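The model shown is predicted, which means the values in this text are computed figures rather than measured ones.
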Amino acid sequence: MVAANTPLNSLNYVAILKAKRGELRASKESNLDRFIPLFEVLDSKDDLDSTKIAQVNKGSANIVWVQLMNYRNLNNSSWSNRITDYFSELHNQGCAAVPVVTSDENQATYNAVGNIVGVQQRGLVIRIDCEETPEKLSTVFSRVERALKQCGVSEDQCDIVVDAGLVSGTVVHQASIMTLMLNEIPNISLWRSVVASFSGFPSSVGNVVSANSVQRIPRTDAFAFNALTKSWTDRELVFSDYGVGVPTYSDVNWAPIPNIRYTIPDYWVIHRAAQQRTPGPQYKQLAKDVVNAPYFQGSSFSPGDQYLNNVALAADGPGNAETYLRVAMNHHFAQVLDSLATHGAP
């Protein structure tokens, strides 16, 4: 169990997720003992329904990390009130939520979050993006110090997430940029936990996987983390990724060609159907193909694997794109946790 105020270790895993139904259900169905979802919550009526996050760990002492994102640019006062109300609602529903802030928030936001931390006593998460230019790197120290001071907390009350999700280039380049950022973090040994996050899944499956095919995509996020931990050993790091998702948001509303994303060590295997039309029968066949593949982990490996097996046996399904995002995420979480436990690497 990952309880509040517990330092994370290398067996833990943080997934950065969107607060959408597929990701929320995948997290709810997962074993949260070593898993911490970090949910990005946009300022929309749908996302700001606190019951959706609360359901993920209802009745459990396990924590979730929650970052509210002011995409509509509400004024400082309105936004800080919304943050206060949202975390109060989560707390009242028995959800052990830890607020996440960046190092670039306004004073009103920091004041609101500082009050939440003081009342709820679960500490704070600070999330910073990797900056590739020396000019921006030089300000990391002062920005992080400002966030700590204005929220009224010290490093030992905080987890810090260093996010290289938008850093492109080779695995070595991503690891080197992360190293530069980690070296700029003030008092690195004092933080409650240090999380290094990478992203490797393609923004569009259709751009890299042909229709009616099965292809493997290297898990470059895991490779970058492994490269990082071999060269940077100042303190223990926690692995983080975006699951089978990406850091950016898309307004695409059309249904994709059916596909199933299945995580194995070192790769994502993508089973992609032939066309958009008649998705149901295609999903059934894709599920059968995955279940019959030599890399299928078995129906007991995760709830996602159980669902795939049920569809293959015609006991469930056929499901839709959201269903298979949930299945893929749920299996991915289990695969990463299993790899960390058995191999010491994601």
Spacing of [X] atom [atom1] and [Y] atom [atom2] [to the nearest 0.5 Å]:
X: Phe333; Y: Phe35; atom1: CZ; atom2: CZ; result: 4.0 Å
X: Tyr71; Y: Tyr249; atom1: OH; atom2: OH; result: 5.5 Å
X: Trp79; Y: Asn70; atom1: CH2; atom2: CG; result: 5.0 Å
X: Ile160; Y: Glu155; atom1: CD1; atom2: CD; result: 9.0 Å
X: His331; Y: Phe296; atom1: NE2; atom2: CZ; result: 8.5 Å
X: Asp338; Y: His343; atom1: CG; atom2: NE2; result: 6.5 Å

Residues [X] and [Y]: side-chain donor-acceptor under 3.5 angstrom:
X: Gln335; Y: Ser339; value: yes
X: Thr102; Y: Glu105; value: yes
X: Asn75; Y: Ser77; value: no
X: Asn81; Y: Thr84; value: no
X: Asn106; Y: Asn76; value: yes
X: Asp241; Y: Tyr13; value: yes
X: Tyr110; Y: Asn115; value: no
X: Glu89; Y: Ser50; value: yes
X: His332; Y: Arg219; value: no
X: Ser299; Y: Asp305; value: no

- Do Met181 and Leu137 touch side chain to side chain, with heavy atoms closer than 4.5 Å?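 Result yes, sub-4.5 Å side-chain heavy-atom pair found.
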- 4.5 Å side-chain heavy-atom contact, Val41 and Gln67: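 No; the side chains remain at least 4.5 Å from each other.
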Quick one: do [X] and [Y] make a salt bridge, cutoff under 4.0 Å?
X: Lys52; Y: Glu23; result: no
X: Asp104; Y: Arg143; result: yes
X: Glu29; Y: Arg25; result: yes
X: Asp159; Y: Arg192; result: yes

Do you know the tightest heavy-atom contact between [X] and [Y]?
X: Leu228; Y: Met178; result: CD2-CG, 3.5 Å
X: Phe39; Y: Ala19; result: CD2-CA, 4.3 Å
X: Ala26; Y: Asn330; result: O-ND2, 3.1 Å
X: Pro247; Y: Ser199; result: CD-OG, 3.3 Å
X: Gln121; Y: Gly118; result: NE2-O, 2.6 Å

- Task: Scan Arg21, Lys18, Lys20 and name whichever one has a salt bridge (Lys or Arg N to Asp or Glu O under 4.0 Å) with Glu322.
- Result: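 Only match with Glu322 under salt bridge (Lys or Arg N to Asp or Glu O under 4.0 Å): Arg21.
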- Message: Name the residue from Trp268, Phe201, Tyr324 that meets the side chain to side chain contact (heavy atoms under 4.5 Å, CB included) definition with Arg261.
- Response: Phe201
- Task: Under the side-chain hydrogen bond (donor to acceptor under 3.5 Å, both in side chains) rule, collect the residues that match up with Ser210, sequence neighbours excluded.
- Result: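 With neighbours one apart ignored, the set is empty.
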- Establish, yes or no, whether the cationic atom of Arg146 lies under 6.0 Å from the six-membered ring centre of Phe141 and within 45° of the ring axis. no
- Take Arg82 and Asp43 through the test salt bridge (Lys or Arg N to Asp or Glu O under 4.0 Å) and record every step on the way to the result. CA-CA 9 Å; Arg82 182 157 293 182; Asp43 57 327; 5.3 Å; no
- Message: Test side-chain contact (heavy atoms from CB on, under 4.5 Å) on Cys158 and Leu148; report intermediate values, then the result.
- Response: CA-CA 9 Å; Cys158 294; Leu148 288 169; 3.6 Å; yes
- Task: Can you sort out the partners of Leu313 under side-chain contact (heavy atoms from CB on, under 4.5 Å), two or more places apart, ordered by chain and number?
- Result: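 Listed in chain order: Asn309.
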